[in-house]
Structure formats: C-alpha cells, structure tokens
**Student:** 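I'd like to ask you about the structure that follows.
Atoms considered below: every heavy atom in the structure, side chains included; atoms not considered: hydrogens, waters and symmetry mates.
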Number of protein chains: 2
Amino acid sequence: MDAPGRRTGGRRAAGHGDERARVGVPQATVVRLPTYLRALRALEAEGVATVSSEELAERAGVNPAQLRKDLSFLGSYGRRGVGYGTAHLAEQVEVVLGLQTQRRVVIVGIGNLGHALAHYGGFAERGFAVVGLVDDDPAVVGTTVAGLQVRPFEELGAVVAANDATIGIIATPAVPAQRVADALVDAGVTGILTFAPRALRVPAHVDLRTVDVASELQILAFHDTWRSGAGA
Amino acid sequence: MDAPGRRTGGRRAAGHGDERARVGVPQATVVRLPTYLRALRALEAEGVATVSSEELAERAGVNPAQLRKDLSFLGSYGRRGVGYGTAHLAEQVEVVLGLQTQRRVVIVGIGNLGHALAHYGGFAERGFAVVGLVDDDPAVVGTTVAGLQVRPFEELGAVVAANDATIGIIATPAVPAQRVADALVDAGVTGILTFAPRALRVPAHVDLRTVDVASELQILAFHDTWRSGAGA
DNA sequence: TAGATTGTTAATCGATTAACAATC
DNA sequence: TAGATTGTTAATCGATTAACAATC
C-alpha cells in the first residue's frame with residue numbers, strides 16, 4: 001500500500017548489488033519475497049546449490065514467469081542456461097527485505113495468542129527478536145513468559161525505546177486494539193502487525209498489516225458455499 | 001484463486017436476493033467482504049441503522065467507490081439518497097459468504113498456537129464452531145483443551161467425519177504440515193487454513209489459505225528498510 | 001556449437017477509481 | 001422539488017503471463 005521510500009540517484013542499472021535496483025519493487029512482489037526466501041532456504045538445507053526458475057516457482061507455488069519478473073526487480077542474480085545460486089539469491093532477497101540486521105519486536109497482549117507468539121521459535125532464524133512483552137492485566141504483569149518479564153501497558157514506550165524495537169505486534173482483543181496501536185505509533189515503531197479483529201487507523205508513515213483468523217475462515221466459507229453450485 | 005462455482009440460469013438480474021447475483025464475485029472482493037461485515041456488525045452494535053458508502057468505506061479502510069463496486073456484485077441492497085441498512089446489508093453479506101449455517105472446524109496441532117486458536121472466543125459469532133482437536137504427541141493426546149478431548153492423528157478422518165467438519169486448521173510446525181494437509185484432504189475438508197511456514201500442495205478442489213507470521217514481519221521489514229532512503 | 005534458461009518486452013487480464021446518470 | 005447517495009460505466013492503473021531474444 002505505502003510506496004517504498006524514494007532514493008536519489010539516476011540509473012536503473014542492471015548488475016550486481018546496485019542499491020538503486022531496490023526502489024520501486026511492486027507491493028505484490030514484496031509480498032511474495034518471503035515465500036521465495038523460505039523456498040530457497042529449504043533448497044539450501046537439502047544441499048541444492050542451483051535452481052531454475054521453473055523448479056523454484058514450483059516450490060513457491062507461483063508461475064515461473066512471475067518468479068523471474070519478481071526477481072528482475074531486485075537485480076540480475078541468475079545465470080542464463082544455468083539458473084540461480086540458492087545461497088546467493090537467498091542472501092540478495094534478504095538484503096532487499098532488510099533482514100541482514102535483526103529487527104526487534106514488542107508483543108502487546110499476552111493472552112493465549114500473545115503467549116504462543118512469544119514462544120514461537122521461528123522468529124530468530126527469519127530475522128526477528130522478541131524483545132518485550134506488554135499487557136494490561138495486573139495478574140499477567142510481572143510474570144515471566146518465554147524468558148521475558150511482562151511489563152505494564154504504561155511502560156510500553158519505555159520498553160520500545162530501551163530495546164530499540166521497530167515493530168509491534170498487537171495480540172489483544174478488538175476493543176483496546178486502537179489504543180494500543182496509538183501507543184505503538186507514539187512509541188515510534190514503523191510497522192504494526194495486528195491480530196485484533198477490527199480496522200485500525202495509523203498514520204501514513206507507519207505500515208500496518210492485519211491478520212484476522214475468522215476473516216480467513218469466512219473467505220474459505222465462501223468458496224465452500226459456491227463451489228458445487230449447491231447454494232447455502 | 002479458485003473460481004467460485006458456476007451456476008445455471010441466465011439473467012444477471014439486479015434486485016433483491018437473486019441467487020445468480022452471487023456468481024462471479026471477484027476474489028479481491030471476496031477477501032474484503034469479511035471486513036465489511038465486521039464494520040457493519042460494529043455499526044449495528046452502536047445502534048446505527050443506516051450508513052452511507054462513504055462512512056462504511058471509512059470504517060473499513062477502503063475507497064467508497066471500491067466499496068460500492070464490491071457491494072454491487074452481491075446485488076442492489078442500498079437506497080439512493082439514503083444509504084445501506086446496516087442489519088440488512090450485514091445479513092446479505094453473510095448469505096453471500098455462506099455464513100448462515102455454522103461451519104465446523106478441526107484444528108490439527110495443539111501446541112501453543114493450536115491452544116490459542118482452540119480457546120479463541122470469536123469464532124462462534126463469526127460463523128464457526130471448533131469441533132475437533134488433533135495432535136500427534138502422546139503427551140497431548142487425551143488431554144482436554146477448551147472443553148474438547150485431543151484425539152490422535154490416526155483418528156483425524158474419523159473426527160472430521162463424525163462432526164461433519166468442512167474446514168481444517170493446520171497449527172503444526174513446518175515439517176509435518178504437508179502430511180497433515182494430505183490427511184485433511186483425504187478426510188474430505190473443502191478448505192484449509194495453515195499457519196505452518198512452508199508451501200503446501202493441495203488439489204484444485206480444496207481451498208488453501210496461508211498465514212505465515214514471520215513472512216508478515218518480513219514484509220513490514222521491507223517498508224521499514226526502504227522508507228527513508230537510509231538503506232540497510 | 002547445441003541446449004538450456006534467464007531477463008525483458010509486449011499482450012492480456014483484472015482491479016481500482018473517478019465521474020455521473022438514475023433515483024430515492 | 002432539491003439534495004443526497006447509490007449503482008454503473010468508462011478510464012486508468014497495476015499485475016500476470018506468454019513469448020522470445022540474449023547469453024550462459
């Protein structure tokens with residue numbers, strides 16, 4: 001939704017590692033890059049050194065032409081007649097996504113979902129560290145979850161600042177979610193991932209992504225309903 | 001992705017509640033319908049009986065023209081000069097999504113995330129009932145979670161059949177996820193929502209949606225990185 | 001060189017948005 | 001009737017895909 005930041009400098013420049021190649025990556029492409037990265041890391045783990053766009057596209061579940069088009073926005077990292085080096089391409093995708101430095105994440109709302117997220121082991125290897133947990137409930141504040149002490153909501157700003165967090169995850173119910181989003185914005189995060197089932201308003205300079213599990217199920221329900229022409 | 005089921009019959013037919021109006025709702029529209037429904041139910045709860053496309057679009061975070069266009073695929077449920085009746089429109093959206101009958105959901109993988117999903121109270125009011133929990137781990141099987149006894153993986157088919165479940169949620173780690181997906185397909189579900197961080201392959205007649213939390217964070221990281229032109 | 005596969009162009013397709021006639 | 005707002009058309013915009021020249 002938000003346009004990626006503009007950069008100065010002129011040439012569009014094919015070639016290797018040129019920074020300007022990163023500007024203007026379409027949003028639809030950005031959304032697919034993590035999937036490509038996952039597939040590349042899996043291939044690496046299998047000991048595959050080189051992969052064709054056909055094979056990688058198959059693994060990622062996209063059209064090979066789309067994959068090549070997407071990768072062309074990053075630069076020119078394949079070899080004609082050969083394919084892409086899995087390790088090298090993975091690294092380039094990480095550079096473009098900005099994953100070479102680990103980002104610090106604060107989770108707000110330590111209920112069942114916040115708990116699950118705090119314990120999730122997959123963040124570290126994908127570029128993120130959970131550095132703070134915040135909750136409103138006096139019964140939860142002060143307890144230790146996944147090795148971190150839960151801090152009161154009033155300290156959110158301090159937690160973000162002290163740990164230099166740039167991303168906030170909202171795992172609260174719908175009602176307090178806007179208040180939490182406002183507080184995260186005030187604290188200076190640049191991105192918010194929310195699981196609360198309501199629309200949130202954030203300023204244009206903050207990136208917001210929403211995951212609503214019930215909405216996902218409702219989308220599945222639509223296809224289930226109209227699949228056979230049986231009707232509801 | 002999947003085209004909605006085709007129906008017989010000819011006229012495109014404006015008008016009220018005509019069933020043919022539901023065919024050919026674009027996927028992009030279907031994905032937004034749950035958001036509209038959420039906003040409409042919130043307005044209802046606030047006692048608002050009528051809403052304009054401008055106000056509803058504002059609440060849902062979309063362009064008013066897009067909202068009207070989306071709703072036009074469902075039929076003609078507004079009144080010119082007046083707006084949309086919140087309760088009536090909500091009901092029509094539910095009809096289109098097929099939410100008038102509650103759908104039954106089975107969760108596979110009762111770790112932290114599966115636990116959180118099983119306890120989530122928001123499913124019922126949005127059209128879903130969690131009817132079965134399945135796990136592989138002998139230490140988990142047999143325990144009671146959210147009022148349901150966790151069943152062994154071998155019984156997945158029986159659990160789906162006995163409860164007439166049509167949707168499966170995969171909350172396992174990446175490695176077993178494809179095996180679980182295959183088993184869910186064999187059991188006859190028509191839709192799968194997976195949280196496992198890997199690409200899954202399912203037959204064309206099964207609808208698949210993937211939520212990968214780390215991928216969501218990586219998308220936020222991209223915008224964070226290139227926002228200011230500062231670079232990584 | 002012959003075969004393979006990328007990177008890119010151009011065509012197609014679908015989604016978004018502005019504008020406005022229809023109509024409450 | 002006058003004002004408001006929908007439903008729809010048409011224009012724009014962006015994303016996907018096929019095709020192929022470039023080149024390893």
**Student:** Whom does dC13(D) pair with, Watson-Crick or G-U wobble, provided both distances fall under 3.5 Å?
**Tutor:** dG14(C)

**Student:** Would you tell me whether Tyr120(B) and Asn112(A) have side-chain atoms, one donor and one acceptor, within less than 3.5 Å of each other?
**Tutor:** no

**Student:** To the nearest Å, give me how far apart CG (Leu71(B)) and C1' (dT16(C)) are.
**Tutor:** 15 Å

**Student:** Can you measure Asp70(B) atom CG to dT8(D) atom P for me and round it to whole angstrom units?
**Tutor:** 13 Å

**Student:** Just checking, any donor-acceptor pair under 3.5 angstrom between side chains of Arg103(A) and Thr166(A)?
**Tutor:** no

**Student:** What do you reckon, is CZ of Arg201(A) surrounded by more than 12 foreign heavy atoms closer than 6.0 Å?
**Tutor:** yes

**Student:** Nearest of dT6(D), dA18(C), dA18(D) to any side-chain atom of Asn63(A)?
**Tutor:** dA18(D)

**Student:** Is there a donor N/O on one and an acceptor N/O on the other, under 3.5 Å, for the side chain of Arg80(A) and the base of dT5(C)?
**Tutor:** no

**Student:** I want to confirm an ordering. Mapping Gly81(A) and Gly81(B) to their closest nucleotides on DNA chain D, which one lands closer to the 5' end?
**Tutor:** Gly81(B)

**Student:** OP1 or OP2 of dT5(D) less than 4.0 angstrom from a side-chain nitrogen or oxygen of Tyr77(B), does that happen here?
**Tutor:** no

**Student:** Checking contacts here: which listed nucleotide (dG7(C), dG7(D), dT16(C)) is nearest the side-chain heavy atoms of Ser76(B)?
**Tutor:** dG7(D)

**Student:** Identify, between Thr29(B) and Val82(A), the residue whose nearest nucleotide on DNA chain C lies closer to the 5' end.
**Tutor:** Val82(A)

**Student:** Which base, if any, makes a Watson-Crick or G-U wobble pair with dT23(C), both distances under 3.5 Å?
**Tutor:** dA4(D)

**Student:** Strictly below 4.0 Å, N to O, side chains only: are Arg198(A) and Asp212(A) in salt-bridge contact?
**Tutor:** no

**Student:** How many whole angstroms separate atom CG of Leu67(B) from atom P of dT8(D)?
**Tutor:** 14 Å

**Student:** Is there a side-chain contact between Tyr84(B) and the phosphate of dC24(C), meaning an N or O under 4.0 Å from OP1 or OP2?
**Tutor:** no

**Student:** Want to settle it: does Pro26(A) or Val51(B) sit nearer the 5' end of DNA chain D, counting the closest nucleotide to each?
**Tutor:** Val51(B)

**Student:** Side chains of Gln66(B) and Asp70(B) only: does a donor on one sit below 3.5 Å from an acceptor on the other?
**Tutor:** no

**Student:** Without decimals, in angstroms, what is the distance between Gln66(B) CD and dA10(D) C1'?
**Tutor:** 17 Å

**Student:** Can you check the Glu54(A) CD to dT17(D) P distance for me, whole Å?
**Tutor:** 15 Å

**Student:** Would you call Arg126(A)-Glu94(A) a salt bridge at under 4.0 Å N-O?
**Tutor:** no

**Student:** Within residues 35-50 of chain B, find the residues that approach DNA chain C with a heavy atom at under 4.0 Å, and present them sorted by residue number.
**Tutor:** none

**Student:** Between P on dT5(D) and CG on Leu89(B), what's the gap in Å once rounded to a whole number?
**Tutor:** 16 Å

**Student:** Of Val130(B), Leu156(B), Ile167(B), which meets side chain to side chain contact (heavy atoms under 4.5 Å, CB included) against Val106(B)?
**Tutor:** Leu156(B)

**Student:** Between Arg59(B) and Glu54(B), is there a salt bridge with N-O shorter than 4.0 Å?
**Tutor:** no

**Student:** Could you tell me the separation between the CZ atom of Arg68(A) and the P atom of dC20(D), rounded to a whole number of Å?
**Tutor:** 13 Å

**Student:** OP1, OP2 of dT5(D) versus side-chain N and O of Ser52(B): anything below 4.0 Å?
**Tutor:** no

**Student:** Looking across every strand, which nucleic acid part, if any, lies under 4.0 Å from Ala65(A) by heavy atom: base, sugar-phosphate, or nothing?
**Tutor:** base

**Student:** Could you give the CZ-to-P distance, from Arg79(A) to dT6(C), as a whole number of Å?
**Tutor:** 12 Å

